[in-house]
Protein chains: 2
Amino acid sequence: MIRVLIADDHPVVRQGLRTFLDLHDDITVVGEAGDGAQAVELVAELAPDVLLLDLKMPVLDGLGALERLSGGPTRVVVLTSVSDPADVGPAMRAGAAGFLYKDVDPPALVQAVRAVHGGQVLLAPEAAEAMLATAADVAAPAPVPLTEREREVLALIAAGRSNREIARSLAVAEKTVKTHVSNVLMKLGVQDRTQAALYAVRHGLA
Amino acid sequence: MIRVLIADDHPVVRQGLRTFLDLHDDITVVGEAGDGAQAVELVAELAPDVLLLDLKMPVLDGLGALERLSGGPTRVVVLTSVSDPADVGPAMRAGAAGFLYKDVDPPALVQAVRAVHGGQVLLAPEAAEAMLATAADVAAPAPVPLTEREREVLALIAAGRSNREIARSLAVAEKTVKTHVSNVLMKLGVQDRTQAALYAVRHGLA
DNA sequence: TCGGCACTTCGTCCTAGGACCATAGAGGGG
DNA sequence: CCCCTCTATGGTCCTAGGACGAAGTGCCGA
């Protein structure tokens, strides 16, 4: 039996969810909370398996409640009406095990409760997309572009040349080469010429 | 009835999954593929509702298959044995609707198939964590540290000073100030002094 | 043999000049 | 009055010297 707590500021929504969920043999709604603070209290008191949590609530909002509950044994499914993609990341980071929108198909909600109770993480497609969107920026964190000269220097570093040798190759002062090397290291976010050389090889710049 | 196709290079695994899944009234396994290419073919031929896809497969690996299948009506659940967090992001971006590990509790797998068929996205906890981890870097993309002098210059920019005025304040050449400004702009990843000033204000550096 | 010193190499930060390019504003000519 | 050119300001890239600090290398003397 999965013990569920419902937190939502609208009594009608709570009643609807309770009625629907209680129809299922393996689910029982053990309580309702009208705001985040109450939700936190009731989780402590009732230790439900799953908390269905609205994000927009008075006193303490869903995210705040989520943070206070993280680490506990209760699995939290965020169930929100507004679909702001920016909500998804913080909620998941705060320990949510599910993120659904209220327009969810009711049977799907039941499956979600079961899946989350079973330890999985479940997202509405829009929520998954929102997470990917933020993660996408990560993949390409604007790799600071190297200038022409810096690429030349990097190539020579990757060829194992010393600063003095590079200076001779490029017909500039060794000091200038050092400056370029410094800039390359900074731009690549790397600590020394060895790592820069590896970067060059790995990215086919050598 | 949910029609499932299984793609895995181990016949034993396929057999095990098939036997177990077929026990459920609402699920039927309509085919098996031993490699990614075959999986793509069978999806086209059988149009299953859900594809259980191993990532590590001969000929065409899971990720490749996933890419070829993206956009189609078949929902793909990645079911992998090795747990490399780096696999999660690409797979989800390539259109996976689920990401589970083979040590999954069998009933949970069934729930996953149902949830995914219902349009939700379902992740193993480790996979969700992996996605968050990549998304976390985004939030803090290693803000390149400014040097002491650069911070001084930035503060003066934020105070609305021109390069010439800053040069006077710091008792250096205007050229030097320009160099510092350039470096600050680059480090902040910003296009001009105006944005730098805003950054400074927003981050309390002014 | 070993500890320490000296030297080189690397790397950082600040400084700054020269050559350019873009943009915006100001003033003059049609 | 409107356009056009000219200049100031901002910004980029390359160059490079001075002052330092961290590491590695090798040699020398105890």
Side-chain angles (χ1 to χ4, degrees), chain A residues 137-206, chain B residues 137-206:
Chain A
D137 301 345
V138 129
V144 185
L146 299 183
T147 66
E148 182 56 35
R149 207 52 157 170
E150 285 163 356
R151 278 193 299 275
E152 288 175 26
V153 171
L154 177 55
L156 291 169
I157 288 174
R161 303 288 210 297
S162 72
N163 286 341
R164 202 189 303 287
E165 289 168 330
I166 295 173
R168 262 199 292 275
S169 291
L170 301 182
V172 298
E174 190 182 338
K175 208 73 241 312
T176 302
V177 174
K178 280 189 171 192
T179 304
H180 288 315
V181 170
S182 264
N183 289 334
V184 168
L185 298 186
M186 181 182 55
K187 286 184 178 179
L188 299 186
V190 111
Q191 303 314 311
D192 58 52
R193 57 170 50 225
T194 313
Q195 286 174 257
L198 294 176
Y199 178 100
V201 170
R202 264 199 278 279
H203 293 70
L205 306 177
Chain B
D137 299 347
V138 127
V144 186
L146 299 182
T147 67
E148 182 57 34
R149 206 53 158 171
E150 286 162 356
R151 277 193 299 276
E152 288 176 28
V153 171
L154 177 55
L156 291 169
I157 288 174
R161 302 288 209 296
S162 74
N163 287 340
R164 202 189 305 287
E165 289 168 330
I166 295 173
R168 263 199 291 276
S169 290
L170 302 183
V172 298
E174 190 182 340
K175 209 71 244 316
T176 301
V177 174
K178 278 190 171 193
T179 304
H180 287 315
V181 171
S182 266
N183 289 334
V184 169
L185 298 186
M186 181 180 58
K187 286 184 177 179
L188 299 186
V190 112
Q191 302 314 309
D192 58 52
R193 58 173 48 228
T194 313
Q195 286 174 258
L198 293 175
Y199 178 100
V201 170
R202 264 198 278 278
H203 292 70
L205 307 177

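Keep in mind that this is a model prediction, so the values were computed, not measured. Order of the sequence lines sets the chain letters (A, B, ...), proteins ahead of strands, with each chain counted from 1.
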Rounded to the Å, how far apart are [X] [atom1] and [N] [atom2]?
X         : N       : atom1 : atom2 : answer
Arg151(A) : dC14(D) : CZ    : C1'   : 14 Å
Glu148(A) : dC14(D) : CD    : P     : 8 Å
Asn183(B) : dA16(C) : CG    : P     : 14 Å
Met186(B) : dC13(D) : CE    : C1'   : 11 Å
Glu150(A) : dC14(D) : CD    : P     : 6 Å
Glu152(B) : dC13(C) : CD    : P     : 14 Å
His180(B) : dC13(D) : NE2   : P     : 17 Å
Arg149(A) : dT15(D) : CZ    : C1'   : 9 Å

Checklist entry - Is Glu148(B) salt-bridged to Arg151(B), going by a charged N under 4.0 Å from an acidic O? => result yes
Checklist entry - Is any side-chain N of the basic residue among Glu152(A) and Arg149(A) closer than 4.0 Å to the acidic one's carboxylate O? => result yes
Non-neighbouring partners of [X] that pass side chain to side chain donor-acceptor pair (under 3.5 Å), sequence neighbours left out:
X         : value
Ser169(B) : none
Gln191(B) : none
Asn163(A) : Arg193(A)

Between [X] and [N], is there a side-chain N or O to OP1/OP2 distance below 4.0 Å?
X         : N       : value
Ser182(B) : dG11(D) : no
Thr179(A) : dC14(D) : no
Thr176(A) : dT15(D) : no

Dump every N/O contact between nucleotides 19-21 of chain D and the protein below 3.5 Å, one line per pair.
none

Checklist entry - Contacts to DNA chain C from residues 161-174 of chain B, heavy-atom cutoff under 4.0 Å, which residues? => result Val172(B), Ala173(B)
Checklist entry - Looking only at atom types and distance, does a side-chain atom of Asp192(B) sit under 3.5 Å from a main-chain N or O of Gln195(B), one as donor and one as acceptor? => result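 Yes, Asp192(B) side chain to Gln195(B) backbone: donor-acceptor pair under 3.5 Å.
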Checklist entry - Listed by chain and number, what are the salt bridge (Lys or Arg N to Asp or Glu O under 4.0 Å) partners of Arg164(A), not counting sequence neighbours? => result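 Partners of Arg164(A) by the salt bridge (Lys or Arg N to Asp or Glu O under 4.0 Å) criterion, ordered by chain and then number, come out as Glu174(A).
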Checklist entry - How long is the span from the CG atom in Leu170(A) to the OG1 atom in Thr176(A), to the nearest 0.5 Å? => result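 Going from CG on Leu170(A) over to OG1 on Thr176(A), the span is 9.5 Å.
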Checklist entry - Which heavy atom in Ala158(B) sits nearest to a heavy atom in Ala197(B), and how many Å separate them? => result CA-CB, 3.8 Å
